[in-house]
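Worksheet: the structure to be examined is printed underneath.
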Amino acid sequence: MTLRAVLREAVTQFQRAGLAFGHGTHNARDEAVYLILHTLKLPLGELDSVLDRQLSPSELDAVRAILRRRVRERTPAAYLTREAWLGEFRFYVDERAIVPRSFIAELLHRGLAPWVADARRVRGVLDLCTGSGCLAVLAAHAFPEARIDAADLSAEALQVARRNVKDYTLGKRIRIVQADLFDRLAGRCYDLILSNPPYVNAAAMRALPREYRREPRLALAGGRDGLALVRRMLAQAADHLHPEGLLIVEIGHNRAALEKAYPRLPFTWLETSAGEDFVFMLRKEDLI
């Protein structure tokens, strides 16, 4: 069989199975392309040039095996391949940590411009709820003079983060901290605090597709209205920011609930590929 025929077969299977996406791809075709090319160890960006390639019997068996697992287990593709991509950055991931995905990653690719005018003046960054450590790694690349604390409550997630920090040889710049938000960071202040915290509200948690239930609940559940951790951040962040320091937090679909809960805070909503409703920014002075 050609790769083209296998891809057609895979898309049909995925659609019939009613799979849920969102862990790196957003539809059946893109997911099938990724899994097939990864399994065949072919470049992920060169599909057209290999569509008519004939698969050997062993290659066909390997491809069909991973496609079957995706359908039968409803396991996110990233857990099957043990990798996730944020732009050109590849991260190791397994079931101990949430699959890397964050609109903050897009903002870091741009160095948080125009909100950060000079990347080299950022000397201290905190990544709260770091999970796999992906945002900490991206921050290290965006801000070459910065030292970064990557904090998470989950000891298991931090094992994944340590691997990614090691893979990018950033052990001298990124410090891994097991902490419940700021509880082990007393006296430490930063120019920038980033967070993609658990923000799924209770009703949405009950309705999550099976693929999302494969991820650690601790990394998803944000309490009744999805803002349990965000409230704690807003109450404490000012104590950990330098003057004019920035707090940048991703909150999913909770903008209306957040603005209702904090009508006096001057949130700045940052532009992402999905719009302006998902990531807010506040300065230290806004929180005092």
Any donor-acceptor N/O pair, E59 side chain to S56 backbone, under 3.5 Å: yes
Please report the C-alpha distance between F280 and V230 in whole Å, then the side-chain angles of each, then the deciding distance to 0.1 Å, and finally whether the side chain to side chain contact (heavy atoms under 4.5 Å, CB included) criterion is met. CA-CA 11 Å; F280 72 76; V230 176; 4.2 Å; yes
What verdict does the salt bridge (Lys or Arg N to Asp or Glu O under 4.0 Å) test give for R120 and D118, after you've listed the backbone C-alpha separation in whole Å, the side-chain angles of each residue and the deciding distance to 0.1 Å? CA-CA 5 Å; R120 291 189 175 276; D118 183 355; 6.0 Å; no
Derivation of the salt bridge (Lys or Arg N to Asp or Glu O under 4.0 Å) call for E9 and R64: CA-CA 10 Å; E9 177 183 279; R64 283 179 166 165; 3.0 Å; yes
Any donor-acceptor pair under 3.5 Å from T25 side chain to F21 backbone: no
Determine whether more than 12 heavy atoms belonging to other residues, nucleotides or ligands lie under 6.0 Å from atom CZ of R53. yes
Donor-acceptor check, side chain of N196 to backbone of I104, threshold 3.5 angstrom: yes or no? no
To check you understand the geometry: which heavy-atom pair defines the closest contact between L135 and A105, and what is its length? CD2-N, 3.9 Å
So if you build clusters from Ile, Leu, Val, Met, Phe, Trp, Tyr with side-chain heavy-atom gaps below 4.5 Å, do V6 and L42 land together? yes
Step through it carefully: locate the ring centre of H240, locate the ring centre of F182, and say whether they are under 6.0 Å apart. yes
Is there side-chain contact between L3 and L47, with heavy atoms separated by less than 4.5 Å? yes
Taking the six-membered ring where the residue is Trp, are the ring centres of H141 and Y168 under 6.0 Å apart? yes
Using modelled atom types and a 3.5 Å cut-off, is there a donor and acceptor pairing between side-chain atoms of D152 and backbone atoms of T130? yes
Linking I/L/V/M/F/W/Y whenever any side-chain heavy atoms sit under 4.5 Å apart, do F89 and V160 land together? no
Apply the test side chain to side chain contact (heavy atoms under 4.5 Å, CB included) to residues L270 and L107: give CA-CA distance (whole Å), side-chain angles for both, the deciding distance (0.1 Å), then the verdict. CA-CA 8 Å; L270 305 184; L107 302 170; 3.7 Å; yes
Would you check if the side chain of E83 reaches a backbone N or O of R90 as a donor-acceptor pair within less than 3.5 Å? no
Judged by modelled atom types alone, do T75 and E211 share a side-chain donor-acceptor pair under 3.5 Å? no
In terms of heavy-atom contacts, does NE2 of H242 have more than 12 from other residues, nucleotides or ligands at under 6.0 Å? yes
Listed by chain and number, what are the ring-ring contact (aromatic ring centres under 6.0 Å, His included) partners of Y262, not counting sequence neighbours? none
Donor-acceptor contact present, side-chain D191 to main-chain R123, <3.5 Å: yes
For a 4.5 angstrom cut-off between non-hydrogen side-chain atoms, does I193 reach I248? no
Mind checking what makes ring-ring contact (aromatic ring centres under 6.0 Å, His included) contact with Y34, not counting sequence neighbours? H38
Would you say the side chains of T2 and Q54 form a donor-acceptor pair under 3.5 Å? no
Given 3.5 Å as the limit, does a donor-acceptor pair link the side chain of R214 with the main chain of E73, or not? yes
Does anything in residues 171-186 form a side-chain hydrogen bond (donor to acceptor under 3.5 Å, both in side chains)? List the pairs, not counting sequence neighbours. D149-R175, D180-R232
Tell me the side-chain hydrogen bond (donor to acceptor under 3.5 Å, both in side chains) pairs involving residues 275-288, sequence neighbours left out? R255-D277
By ring-ring contact (aromatic ring centres under 6.0 Å, His included) - contacts of Y92 (at least two apart): none
Quick one: are L126 and I148 in side-chain contact, heavy atoms under 4.5 Å? no
Where does the angle between the aromatic ring planes of F267 and W269 fall among parallel (under 30°), tilted (30 to 60°) and perpendicular (over 60°)? tilted
Considering residues, nucleotides and ligands other than R162, do more than 12 of their heavy atoms fall under 6.0 Å from its CZ? yes
Heavy atoms of other groups near R210 CZ, more than 12 under 6.0 Å: yes
Decide if atom CH2 of W115 counts as having more than 12 heavy atoms of other residues, nucleotides or ligands within a radius under 6.0 Å. no
What closest approach, in Å, do R96 and P216 show between heavy atoms, and which atom pair accounts for it? O-CG, 3.7 Å
Side-chain cluster (under 4.5 Å, hydrophobic types only) that I288 belongs to, other residues: none
For this output row, return yes or no: ring centroids of H23 and Y79 closer than 6.0 angstrom. no
Is E95 paired with R82 through a side-chain N to carboxylate O contact shorter than 4.0 Å? yes
Transitively linked via ILVMFWY side-chain contacts under 4.5 Å: Y212 with L80? no
Please walk me through it: do L194 and L128 pass side chain to side chain contact (heavy atoms under 4.5 Å, CB included)? CA-CA 6 Å; L194 307 171; L128 279 180; over 6 Å; no
Count I, L, V, M, F, W, Y as connected when their side-chain heavy atoms are under 4.5 Å apart, and connections chain through other members. Are I176 and L138 then in the same cluster? yes
Donor-acceptor pair, side chain of E215 and main chain of V99, under 3.5 angstrom: yes
Give a yes or no on whether the backbone of A97 and the side-chain of S132 come within a donor-acceptor separation of less than 3.5 Å. no
In sequence, state the C-alpha distance, the side-chain angles, and the governing distance for V279 and I251, and then conclude on side chain to side chain contact (heavy atoms under 4.5 Å, CB included). CA-CA 6 Å; V279 180; I251 60 159; over 6 Å; no
Mind listing the closest non-hydrogen atom pair of L19 and V71 along with its distance? CD2-CA, 4.1 Å
Within the distance-only criterion (no hydrogens, no angle test), does the side chain of N201 pair as donor or acceptor with the backbone N or O of A204 below 3.5 angstrom? yes
